[in-house]
Amino acid sequence: MIDSVLVNLTVRESRELLKNKKISSTELTKAFLARIKAVDEKVKAFVTLTPEVALEQAKTVDKFIQEGQELGTFSGIPGVIKDVFVTSGVRTTASSRILENFEPPYSATAVEKLLDQRMVLLGKANCDEFAMGASTENSAFFKTRNPWNLDYVPGGSSGGSAAAVAASEALFSIASDTGGSVRQPASFCGVVGLKPTYGRVSRYGLIAMASSLDTVGPITKNVFDSALVLQLIAGFDPNDSTTVSKEVPDYVSTLTKPIKNLKVGLPKEYFVKGIDPKVEKVVSSAIDKLAQLGAKIIEVSLPHTQYAVPTYYIIVPSEVSSNMARYDGIRFGQKRDKFGDEVKRRIMLGTYALSSGYYEAYYLKAAKVRTLIKKDFEEVFKKVDVLATPTTPTTAFKLGEKIEDPLTMYLSDVFTSPANLAGVPAISVPCGFVDHLPVGLQIIGPHFEEERILNLAYQYEQATDWSKVKPDIK
Amino acid sequence: MKYDVIIGLEVHVQLKTRSKMFCSCSAGFWNEPPNTHVCPVCLGLPGALPVANQEAVKSALKVGFALNGQTLRQSKFDRKHYFYPDLPKGYQISQYDLPFSVGGWVEVDGARIGITRAHLEEDTGKLIHVNGQSLIDFNRGGIPLMEIVSQPDIRSPEESRLYGQKIQQIVRYLGVSDADMEKGSLRIDANISLQPQGKWKVKKDRVVALKGYTLNPKVEVKNMNSFRSVERALTYEVERQLQTLSAGGKIDQETRGWLENKGVTVKQRTKELAPDYRYFPEPDLPPFVFDPKDLKKIREEIPELPDEKINRFVREYALEAKKAQIITSSKELADWYEEAVVAYAQTEKPGADYEHIDSKKAEIVYNWVSGELLRRLNENQTSFSASLITPAQLAQLLYLIDKNEVSSSTAKEVFAEMFRTGQDPQKIVSEKGLKQVSDVERLRETVREVINLNPKPVADVASGKAEAKGFLIGQVMKLTQGRANPGLVSKILDEELK
């Protein structure tokens, strides 16, 4: 099979072809390595490439296939891991100079599960430094570009992951979402991004940014693949006390459930001025589509939405200031002056917010508002099954457009951060274009109801063709 | 001016758990090569997460109960931030506003010392300075550590030592810690100040000045590596502060280190500003919500503690308080003693329980245990667990004495053999032929022999010299290698000399 066909496959399709010996993992891996060679000069999604590791894994899987061994879902499937997950023996930088030469002795649980099945690790994806940012411009190494228009940002912080999947440089990626870092770049790059419920997927080995908000989720070409990844990585982990020992349902088989009479809430606070009218139009027609599919559309309210971003930007820097304390210049070979501006900004903000005399006014108050935001969602989910909103108020912006203005950049999280504060699951699925740039539809569900949002997203995706449109990289 | 000495102690106790506080590394690190008991979690590597050791939490709750503290319905861990090379995460996981135990007290020599709180945290790594280089051993990093904070209720260096020893005794009774100061598994820091009498009071765990008076600053004293050095260091510090104040000088708020060799405390750093630890709830560890049923179960696992034991021994065995205190100094000793007492009572009354013990028997056992047994354990540097002799064997020996099968002097010899070999007393007595001779006819022969050989003392007895009779008994004992029943000898002698 020719490379251009191979790299445009999905996880599901590649898996079938591997199983039926129509292609080999080595063939598939080589196609992706060639694709990366061809386009990554422009996209710049990879911080580290691991072709030897990848080909070695592919060879082993091919041997297994020849021997007729049972294959795991991700055996021989090439993917990329956001560089905030530790990978044993593979340099892990968090896109920071601080960890420029850090080679971890262990792998993150989510990664370990994939490696156990012998996924093909192509490399590590660029991101904002320690996942702090919304454009990947905060990477200490280089800026990643949006495959749909190289003058635009891919979003962030998981910009490398989303761009790599959108540019067909990898079949899937594992990324992290603290305030929208999976969904916003997925939206900007026209791919599917899922942020699971807090506690559904182990954070062990995810380099912490804001521990009470960090979640681990897939970025994939379509919803089916998203369900496949979640199926593997979800579940209790004895190494992460915040994971829950709740049974993991079958996410794949429930994708095709009819959605007739599903109650979809439209929170009025998410359709206000500030949102790009063209984006709103695209999202509105996506919601019309849901109605056509049989969903009941109901207007609802999440009254504390306006406090989400301010609350988020107290809690996040506070936890950041604590989580960054270990990079004190003693152990990882780099001094603290190697931190980038955004990291330093958050360390200072957080140190201030946690200081004695200010703690009550900032951190404690933010924690209380967070509870109110969580209650908003609990209340609204008594009335509706899911919520539908735009993932972001605008499409991707130009490189350099917001980097000098942190406050504007922070507002990119306005529709995504509430789900993190509440701990609920949310998915962004492509729903159209504005001026040749992708738009994402966000579907938010109640705690541990990933099944429901995947189901609706899948039905929507089946009824539309947005996930199948590919960028022409130039 | 007359001053009150005001001391508050912070006691750190390492808990004796199998694994560390937040990871599965083995907690038995004593004398192990550096950095061999480490993993991503206790090294604070990026991405690693803590998981609370349930055994340590249980131990901490027990300590809280034993100190008469209150368990809160909810508790949690917090992050305490400070930069130090032995702290790999840049913060220590500790407890701030919801510790596992609040309040409580212990009794020290009749005085009640208040406890402010007892919380659980992780120990830090150990810095080793050699040839101008600083090395870090993280084997100790992450060992569960309890911090027990006293109220400023301690009034003397001696009381400080006794308080520390009491805490040691309690945690050892609970079996949750070795609490060995020499090995650093029990560490004591002191806060000490001198205030003019009648010018201060304790309010909400703090020393506050009465109106119109400004407190003398308190000094923190560290680096005291034994109970003896606690008492010495604080005695020195009282004297130093007293002299400074008497000379019209001022005390600086500072941390001072005790130099054991020189017998002085020296300034380590000034402490004018309270450090801001920026505590906040540890997001990686869900809060604890305790089920009263579970707490009750844990409370029921607490053994009888030293104070209760002393009271019971006084009440049930009519043991003097001082003796009860000595025999309960460790749980092993008290248990050994009590087992021997019960076994001894049962030699006569099978099935006798410890509530109906003849106080004379309890006293006899006390004398043997505190005398012979402790002396020999000390001489041989042996611990109770390694000792060969069992309480039941001591009881058998005492029974042999009661039955006149061995004399008291021979019994000591038998005991020595039991201690050395762990053999039963009957066996030793029969194998070595140590059985007391109570055969009247055999003894009469020996008595007659002694009378024939000693005409002068015999004459002395006749003329009323009592000492002479003692001499004759001694001669009989000598000829029987001490195995003759002295009472019987005396009786026969009386008959023969009549």
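Only heavy atoms go into these numbers, but all of them, side chains included; no hydrogens, no water, no symmetry mates. Just so we're on the same page: letters track the sequence lines, and every chain starts at 1.
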B/Lys218, NZ atom: more than 12 neighbouring heavy atoms under 6.0 Å: no
Any chance NZ of A/Lys375 has more than 12 other-residue heavy atoms, nucleotides or ligands included, within less than 6.0 Å? no
Residues B/Glu301, B/Lys58: salt bridge by 4.0 Å N-O rule: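 Between B/Lys58 and B/Glu301 there is a salt bridge, with a charged N closer than 4.0 Å to a carboxylate O.
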Carboxylate-amine/guanidinium proximity below 4.0 Å for A/Glu342 and A/Arg346: yes
Looking only at B/Pro281, B/Pro88, B/Gly90, the option with the highest number of non-hydrogen pairs under 4.5 Å against chain A is B/Pro88
Report the option among B/Pro50, B/Pro40, B/Ala48, B/Pro46 that has the most heavy-atom pairs separated by less than 4.5 Å from atoms of chain A. B/Pro46
Counting only heavy atoms closer than 4.5 Å, note whether [X] contacts chain B via side chain, backbone, both or neither.
{"X": "A/Ile330", "value": "side chain"}
{"X": "A/Pro104", "value": "neither"}
{"X": "A/Phe85", "value": "neither"}
{"X": "A/Leu213", "value": "neither"}
{"X": "A/Tyr204", "value": "both"}
{"X": "A/Tyr358", "value": "neither"}

Answer with yes or no after comparing the ring centroid distance for A/Tyr359 and A/Tyr352 against a 6.0 Å cut-off, counting only values under it.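 No, the ring of A/Tyr359 stays outside the 6.0 Å limit from the ring of A/Tyr352, centre to centre.
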Does the gap between the ring centers of B/Phe280 and B/Tyr96 come in under 6.0 Å? no
Do you know which of A/Asp240, A/Val84, A/Thr92, A/Val86 has the most heavy-atom pairs under 4.5 Å to chain B?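 Of the options given, most contacts go to A/Asp240.
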Who wins among A/Gly350, A/Ser355, A/Ser212, A/Ala208 for the most heavy-atom pairs under 4.5 Å with chain B?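 Going by pairs under 4.5 Å, I would pick A/Ser355.
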What residues form a side-chain hydrogen bond (donor to acceptor under 3.5 Å, both in side chains) with A/Glu112, not counting sequence neighbours?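 Not a single residue meets the side-chain hydrogen bond (donor to acceptor under 3.5 Å, both in side chains) criterion with A/Glu112.
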Is it the case that A/Ser211 and A/Asn323 place a side-chain donor and acceptor less than 3.5 Å from each other? yes
If one checks every heavy atom of B/Tyr277 against chain A at 4.5 Å, the contacting part turns out to be neither
Contact part of B/Asp276 toward chain A, heavy-atom cut-off under 4.5 Å: side chain, backbone, both or neither? side chain
